Amino acid sequence: MANRCLYIATFKEFLQQKPLEVLGTLHNNYHGDALTTTDEAWKGEIDILQQVLQPWKEENAQIIFEYDIPRLGKRIDVVLLLRGIIFCLEFKVGQKDALQSDVEQVMDYALDLKNFHRFSHDRVIVPILVPTHHSTATTEFKPSVYEDQIYNPLIAGEERLQEVISSVLNHAKATSEGTIDNWTISPYTPTPTIIEAARALYENHSVEDITRHEADKVSTDRTINYILQVIDKSKKEKKKSICFVTGVPGAGKTLVGLDVAIKQTYRDGEMDKENGAVYLSGNGPLVAVLTEALARDNQKKCAARGERKNLSDSRREVSEFIQIIHRYRDNMLAKIKNPVENGVVEIDPEKAIHLEHTGYGEVEHVAIFDEAQRSWTHDRIANYLKRGGTYGNKLKVPNFPLSEAEFLIWSLDQREDWAVIVCLVGGGQEINTGEAGITEWIKALNSMFKHWDVYISDKLTDAEYAEGRVNELLKDNNKVTFAEDLHLAVSLRSFRAETLSAFVQSMLAFRSDAAELYKDVASRNYPIMLTRDMDTARAWLRKQARGTQQTGVLVTKVAARFKPLAVHILAQDEDNAVHWFLEDKTDIRSSNYLEDAATEIQVQGLELDYACVLWDADMRYENGTWNFYKFNGKNKWNPENNKENRKYMLNAYRVLLTRARQGIIICIPKGNNRLTQEGFPEDPTRLPEFYDGTYNYLKSLGIKEI
């Protein structure tokens, strides 16, 4: 269907057709067998609209059934293009009540068209929910307070639908002169959340519908193609290769990794385990949330097709190509001689089977390591394995000699034919003690794996990667190819403000261009607000979010004095992250309740539409610089003097400030300035001076306060 719908006609053509003819066209264009319930819904919609649209039968207007929205993987039941206005109709045939979830659904359609559908940007959009047996109708029309020409959702039963459409036309002063040409084939420029992107990829095995192709600067396709070419070359020439992909926060590194994993695994639409790829991440919450989102979606789609499938089967399928890195690592550890002799890791033939081509390696030729900068140092993995681990791995390796990067390359090197590693690298995003950054990977390639070809982003030489020492580290390696195609320069996350990550970088580094960058972000309708009151922050978030847009509160894991603000920290268990991200506004475990705050550990790689960053006294602007503090758990903030820990604490704020797709509010508390009767501070852990410096610095950049 080139025009992205199942049926399109002028009002006149539609009204002249017999209902069964319209139904026949819907059937002919529908892929698969329409279920009985779908058939009945279509019949009901056709009958109702052939009555409702009579007053406008001579006008230059169009009706469109089942218009496809690629980003949401959904279709709008009916779109009416009438007098230059776009009416989005969501029918609930036979339903009497208007449910909140249904209102949110039709609002999502309107927002999606406004934000991502080129020919809808400057149009009035009217979302209408039609529970056909609903007895009343919306009589008060409120143009959006957001000045984006979207009406607040309207509700009308079949008896009142004609009246509501007529009233909107009068209210909007719409004349019959307004037409919209070629609307159905408008360029569609979506920016998916990582969860939406993963769903679309998993369902369609293609990234084509879900990235912003109109922007020449957006290079996800170019990067994916470059990596696939390296994979093909490595396979053809029987080589081992490694690619380092860099990108600004939100540029789509995870999307690139997932796409390569899926494209490589599902060549020609069929699963190819022998030449397949596995997407690996040490980010437990990200893997848990993606796996659950895909599994739930897969199960729903199977149910819609009339197939029986339980959720555990769907989870198992998804986990074949999205895995937590520790499990992959543990599979390889189970094959080695233990204890390690003479500091050399070797396969124990009694613990592993040697296969042709695979050797002693795992089945996949291609391993994609997301957030490769977070791989563990030698000390951290050696200590972990010495005590037997914390991820359910009881295997003890008392004298493990390698860093995690060295061991992961070693694991792929066990293959006897060819292998490719893709390292996705975030700059300045190491957020945990014992995370090695990219230096360990390069040291491993220089020492143990000199036979590997190295393809490297030309931006890996920047200061935020390996402290700017990449050139120095690679100068004697003659197998290095620098490629600009391996850098993702444009943020897809913040589709409203591609300069957001640059602003955050400048603001945290006290660069002179921070104020100008803030103005640029604000000019693109990406609000960054400042407040000193948590209730004000919550109210702002609730006012911004419409439809199923997601809000949430974020704090650093070192933050300590958030309870007085009625904020709780989301417990670290990965199930909590799944509920926080995936449940809807009716579930108190959802981020939208704005009660539980997630930390940088739980949100790295994921995103919200609107976020509140609650800035505690752990990082303070004092005398022109950042000073760092850790709370002792009782009564005092102590200065943090460890250079490595200070880097992690700064990176935590970098991660939190780049999580929101559409806007953020930064809440810097006022602290407690009250004194006891004896004249001492009522709460010496929340003194105003702990917060005022940071507030004054951000205010000085021009950030608007509410």
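Worth saying up front: this structure is predicted, and the values here are computed from it rather than measured.
The backbone N or O of Asp97 sits less than 3.5 Å from a side-chain atom of Gln95, completing a donor-acceptor pair. Under the 3.5 Å distance criterion, the side-chain polar atoms of Lys253 are matched with a main-chain donor or acceptor of Gly247. Proximity of a side-chain donor or acceptor of Tyr518 to a complementary backbone N or O of Ile528 within less than 3.5 Å is detected. Side-chain N or O atoms of Asp112 include none that pairs as donor or acceptor with a backbone N or O of Asp108 at under 3.5 Å. Listed for the Asp485 side chain is no donor-acceptor partner under 3.5 Å among the backbone atoms of Arg222. Here the side chain of Ser166 pairs no donor or acceptor atom with the backbone of Glu163 at under 3.5 angstrom.
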Audit row: Ile706, Thr536, side-chain contact (heavy atoms from CB on, under 4.5 Å) steps and yes/no: CA-CA 8 Å; Ile706 56 170; Thr536 301; 4.0 Å; yes

Dump the intermediate steps for side-chain contact (heavy atoms from CB on, under 4.5 Å) on Leu554 and Arg659, then the final yes or no. CA-CA 9 Å; Leu554 306 175; Arg659 287 310 93 192; 3.8 Å; yes

Under the side-chain contact (heavy atoms from CB on, under 4.5 Å) rule, what do Leu82 and Trp56 come out as? Steps first, then yes or no, please. CA-CA 9 Å; Leu82 176 58; Trp56 304 286; 4.1 Å; yes

Go through Thr132 and His134 one step at a time and tell me if the side chain to side chain donor-acceptor pair (under 3.5 Å) criterion holds. CA-CA 6 Å; Thr132 54; His134 195 64; over 6 Å; no

Please assess Leu582 against Glu292 for the test side-chain contact (heavy atoms from CB on, under 4.5 Å), listing each intermediate value before the final yes or no. CA-CA 9 Å; Leu582 297 184; Glu292 185 66 15; 3.8 Å; yes

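Taking the charged nitrogens against the carboxylate oxygens, Lys92 and Asp102 do have a contact shorter than 4.0 Å, which makes a salt bridge. Ion pairing of Glu583 with Arg296 is present here, as a side-chain N (NZ or NE/NH1/NH2) and a carboxylate O approach within less than 4.0 Å.
Using the six-membered ring where Trp is involved, Trp540 and Tyr610 have ring planes that are perpendicular, over 60° apart on the 30 and 60° scheme. Aromatic ring pairs are classed by plane angle as parallel below 30°, tilted from 30° to 60° and perpendicular above 60°; the pair Phe14 and Tyr7 is perpendicular. Between His27 and Trp42, the ring-plane angle classifies as perpendicular under the 30° and 60° cut-offs.
Gln17 and Glu13 share no side-chain donor-acceptor pair at under 3.5 Å. If you check the side chains of Asn592 and Gln549, you find no donor sitting under 3.5 Å from an acceptor. Using modelled atom types, one finds a donor on one side chain and an acceptor on the other under 3.5 Å when comparing Asp584 with Thr586. Side-chain contact of Gln550 with Asp609: a donor-acceptor pair under 3.5 Å is absent, judged by distance alone. With no hydrogens or angles considered, a side-chain donor-acceptor pair links Gln505 and Arg654 at under 3.5 Å.
Annotation for Tyr151 and Ala172: closest pair OH-CB, 3.6 Å, computed over non-hydrogen atoms. Residues Glu158 and Val52 share a closest heavy-atom pair of O-CG2, 4.3 Å. Among all heavy-atom pairs drawn from Leu15 and Lys57, the shortest one is CD1-CB, 3.3 Å. Shortest non-hydrogen contact noted between Ser120 and Trp183 is OG-NE1, 2.9 Å. Closest of all the heavy-atom pairs between Met534 and Cys612 is CE-SG, 3.6 Å. For the pair Thr551 and Ala545, the tightest heavy-atom approach, listed with the atom from each and the gap, is CG2-CB, 3.6 Å.
Distance CD/Gln50 to CG/Asp47: 7.0 Å, rounded to 0.5 Å. Here the CG-CZ distance, from Leu89 to Phe65, works out to 9.5 Å after rounding to the nearest 0.5 Å. One finds the CD atom of Gln602 at 11.5 Å from the OG atom of Ser591 (value rounded to the nearest 0.5 Å). Rounding to the nearest 0.5 angstrom, the gap separating the CG atom in Leu113 from the NE2 atom in His121 is 10.5 Å. For the atom pair His579 NE2 and Asp587 CG, the distance stands at 7.5 Å (nearest 0.5 Å). Considering OG1 of Thr223 and NE2 of His487, their distance stands at 9.0 Å, rounded to 0.5 Å.
Side chains of Asp533 and Cys667 form no contact here, defined as non-hydrogen atoms less than 4.5 Å apart. Between Val603 and Trp580, the closest side-chain pair of non-hydrogen atoms falls below 4.5 Å. You'll find the side chain of Leu657 reaches within 4.5 Å of the side chain of Ile666, heavy atoms only. Put simply, the side chain of Glu90 does not reach to within 4.5 Å of the side chain of Ile128, judged on heavy atoms. Within the 4.5 Å cutoff, the side chain of Ile76 has no heavy atoms near those of the Val106 side chain. In this structure the side chain of Leu53 reaches within 4.5 angstrom of the side chain of Leu80, judged on heavy atoms. Side-chain contact between Leu23 and Lys43 is present, with at least one heavy-atom pair separated by less than 4.5 Å. Counting heavy atoms from C-beta on, the side chains of Lys519 and Phe503 never come closer than 4.5 Å.
Within a 6.0 Å sphere centred on NZ of Lys585, other residues, nucleotides and ligands contribute more than 12 heavy atoms. Within 6.0 Å of CD in Glu159 there are 12 or fewer heavy atoms belonging to other residues, nucleotides or ligands. Under a cut-off of 6.0 angstrom, the local environment of NZ in Lys699 is crowded, with over 12 non-hydrogen atoms contributed by other residues, nucleotides or ligands.
When the salt bridge (Lys or Arg N to Asp or Glu O under 4.0 Å) test is applied to Asp535, the partners found at least two apart in sequence or on another chain are Arg538.
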